[in-house]
Amino acid sequence: MLRRTAHLLLGLVMTMSFAIGGAVVTAGTAQADGCFTWTRTLSSGATGNDVTQLQIRVAGYPGYNSVLAIDGSYGPATTAAVKRFQSAYGLAADGIAGPATQAKLYALQDDDCTPVNFTYPELNTCNSTWAGGAVAAGTAKANALSSMWKLQALRHALGDQPIRVTSGFRSTSCNSAVGGATNSRHLYGDAVDLGAGPHSLCTIAKQARNHGFNGILGPGYAGHSDHIHVNQGPSHFWSASGCGI
């Protein structure tokens, strides 16, 4: 909690320092934390790993029934996602990832690049290595990171109240032990099951439609009466008839 408070304070200080005297300061002049630091303002037409890092963090803002491609190319879809992120946090919605936008992202991430309200252990209670699934361990872990940033966007849209994760990555053996489907997206690390908490299952499912999930399953779909399943699989499939989805 202290470290996360420090991140919030640092983000505020950085935002203020960029505006002192009206000077234009290059983003990333100070290390924000132990994860990643941008060294330039990003806007339409930019390419590179720093764009990829930005896309991972704003992928939860693609708009209704859309998915943002994580391709390292700052095109119209990335511009739109950045605008939605900026609006969500009360920033000037210009679609340019400059100092203020980057400072907010710094404040929202921990040193391992996970968003402040979600952790790797939370998305993997199966093992500590991320191995044994349908993809390489590194890929499964990267998929989980992408899911966490989308969950962070979902959480913020729901008033920054907790979202309860009940299942994330599963190895083949873990998946079999819980009776998971043989082709479950949990084996890829890109699926998360969410339980009811401050919000009903249907509230979660309906809001999830705005945050970049290709798969949404819930009440009304067999085996999903007590949780919402979201995933980033390659096929679009939403089914939660009990929620009108």
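Hydrophobic clustering keeps Val67 apart from Tyr64 (ILVMFWY residues linked when any side-chain heavy atoms are closer than 4.5 Å, directly or through intermediates). Cluster membership check: Ile70 shares its hydrophobic cluster with Phe118, using side-chain heavy-atom separations under 4.5 Å among Ile, Leu, Val, Met, Phe, Trp and Tyr. In the hydrophobic cluster analysis, where Ile, Leu, Val, Met, Phe, Trp and Tyr join through side-chain heavy atoms closer than 4.5 angstrom, Leu68 is grouped together with Val192. Hydrophobic clustering (side-chain heavy atoms under 4.5 Å, transitive across Ile, Leu, Val, Met, Phe, Trp, Tyr) keeps Val135 apart from Met148. There is a path of hydrophobic side-chain contacts, each under 4.5 Å, that joins Leu54 to Ile56.
Here the shortest heavy-atom pairing between Gly168 and His186 reads O-ND1, 2.7 Å. Heavy atoms only, all atoms of each residue included: Ser43 and Tyr74 are closest at O-CG, 3.3 Å. Nearest heavy-atom pair across Arg84 and Pro62 is NH1-O, 3.1 Å. Annotation for Ile96 and Val82: closest pair N-CG1, 4.1 Å, computed over non-hydrogen atoms. When every heavy atom of Ala208 is checked against every heavy atom of Val230, the shortest pair comes out as CB-CG1, 4.1 Å. Considering all non-hydrogen atoms of both residues, Thr203 and Ser200 come closest at OG1-OG, 2.9 Å.
At distances below 3.5 Å, at least one donor-acceptor pair connects side-chain atoms of Ser176 with backbone N or O atoms of Thr172. Between the side chain of Gln86 and the backbone N or O of Thr101, no donor-acceptor pair lies under 3.5 Å. A donor-acceptor pair under 3.5 Å links the side-chain atoms of His199 to the main chain of Leu158, judged by distance alone. Under the 3.5 Å distance criterion, the side-chain polar atoms of Thr79 are matched with a main-chain donor or acceptor of Gly75. Under the 3.5 Å distance criterion, the side-chain polar atoms of Arg155 are left unmatched by any main-chain donor or acceptor of Asn117. Looking only at distances, no side-chain donor or acceptor of Ser87 sits under 3.5 Å from a matching main-chain atom of Phe85. Side-chain atoms of Ser147 come within 3.5 Å of backbone atoms of Asn143 as a donor-acceptor pair (strictly under, hydrogens ignored). At least one donor-acceptor pair closer than 3.5 Å links the side chain of Asn127 to the backbone N or O of Ala131.
Between the side chains of Thr114 and Asp112, at least one donor N or O sits under 3.5 Å from an acceptor N or O. Side chain to side chain, Gln232 and Lys150 meet the donor-acceptor criterion of an N or O pair below 3.5 Å.
The SG atom of Cys35 lies 9.0 Å from the CG atom of Asp110; values are rounded to the nearest 0.5 Å. For the atom pair Asn175 CG and Arg185 CZ, the distance stands at 12.0 Å (nearest 0.5 Å). Interatomic distance, His224 NE2 to Ile216 CD1, rounded to the nearest 0.5 Å: 12.0 Å. Atom OG of Ser184 sits about 10.5 Å away from atom CZ of Phe169, to the nearest 0.5 Å. In this structure, Arg209 CZ and Leu154 CG are separated by 12.0 Å, a value rounded to the nearest 0.5 Å. The CD1 atom of Ile228 sits 8.5 Å away from the CG atom of Leu217 when rounded to the nearest 0.5 Å.
Remark: Lys141 qualifies as a cation-pi partner of Tyr120 under the 6.0 Å distance and 45° angle criteria applied to the six-membered ring.
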**Report entry** Chi angles and distances behind the side-chain contact (heavy atoms from CB on, under 4.5 Å) call for Val165, Leu194
**Finding:** CA-CA 5 Å; Val165 174; Leu194 307 171; 4.0 Å; yes
Query raised in the report: Does the side chain to side chain donor-acceptor pair (under 3.5 Å) test come out yes or no for Asp71 and Gln55, once each step is laid out?
Result: CA-CA 8 Å; Asp71 58 6; Gln55 290 172 326; 3.1 Å; yes
Query raised in the report: Under the side-chain contact (heavy atoms from CB on, under 4.5 Å) criterion, do Phe36 and Leu105 qualify, and how do the steps go?
Result: CA-CA 10 Å; Phe36 182 84; Leu105 291 170; over 6 Å; no
Query raised in the report: Does the pair Val58 and Trp149 meet the rule for a side-chain contact (heavy atoms from CB on, under 4.5 Å), with working shown?
Result: CA-CA 7 Å; Val58 300; Trp149 279 101; over 6 Å; no
Report task. Any chance you could lay out the side-chain contact (heavy atoms from CB on, under 4.5 Å) test for Asn231 and Tyr188, step after step, and finish with the verdict? Result -> CA-CA 10 Å; Asn231 71 62; Tyr188 296 80; over 6 Å; no
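A salt bridge links Asp50 and Arg40; the closest N-O separation between the charged side-chain nitrogens and carboxylate oxygens is under 4.0 Å. Contact check on Arg170 versus Asp193 returns a salt bridge, with a Lys/Arg side-chain nitrogen under 4.0 Å from an Asp/Glu carboxylate oxygen.
Checked options Thr47, Thr52, Val51; the residue passing with Asn49 is Thr52 (criterion: side chain to side chain contact (heavy atoms under 4.5 Å, CB included)).
Every residue meeting the side-chain hydrogen bond (donor to acceptor under 3.5 Å, both in side chains) condition with Asp160, not counting sequence neighbours, appears here in chain and number order: His156. The side-chain hydrogen bond (donor to acceptor under 3.5 Å, both in side chains) check on His211 picks up Gln207, with sequence neighbours excluded. Shown here are the side-chain hydrogen bond (donor to acceptor under 3.5 Å, both in side chains) partners of Arg57, two or more places apart in sequence or in another chain: Gln53, Gln109. Judged as a side-chain hydrogen bond (donor to acceptor under 3.5 Å, both in side chains), and not counting sequence neighbours, the contacts of Ser171 are Ser173.
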Quiz: residues 234-245 side-chain donor-acceptor pairs under 3.5 angstrom, not counting sequence neighbours:
residue : atom : partner : partner atom : Å
His236  : NE2  : Asn65   : OD1          : 2.8
Trp238  : NE1  : Phe213  : O            : 3.3
Trp238  : NE1  : Asn214  : O            : 3.4

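Ring geometry for Trp38 against Tyr106 counts as tilted: the plane angle lies between 30° and 60°, on a 0 to 90° scale.
Applying the disulfide bond (SG atoms under 2.5 Å apart) test to pairs two or more places apart or on separate chains, those with a residue in residues 115-148 are Cys126-Cys174.
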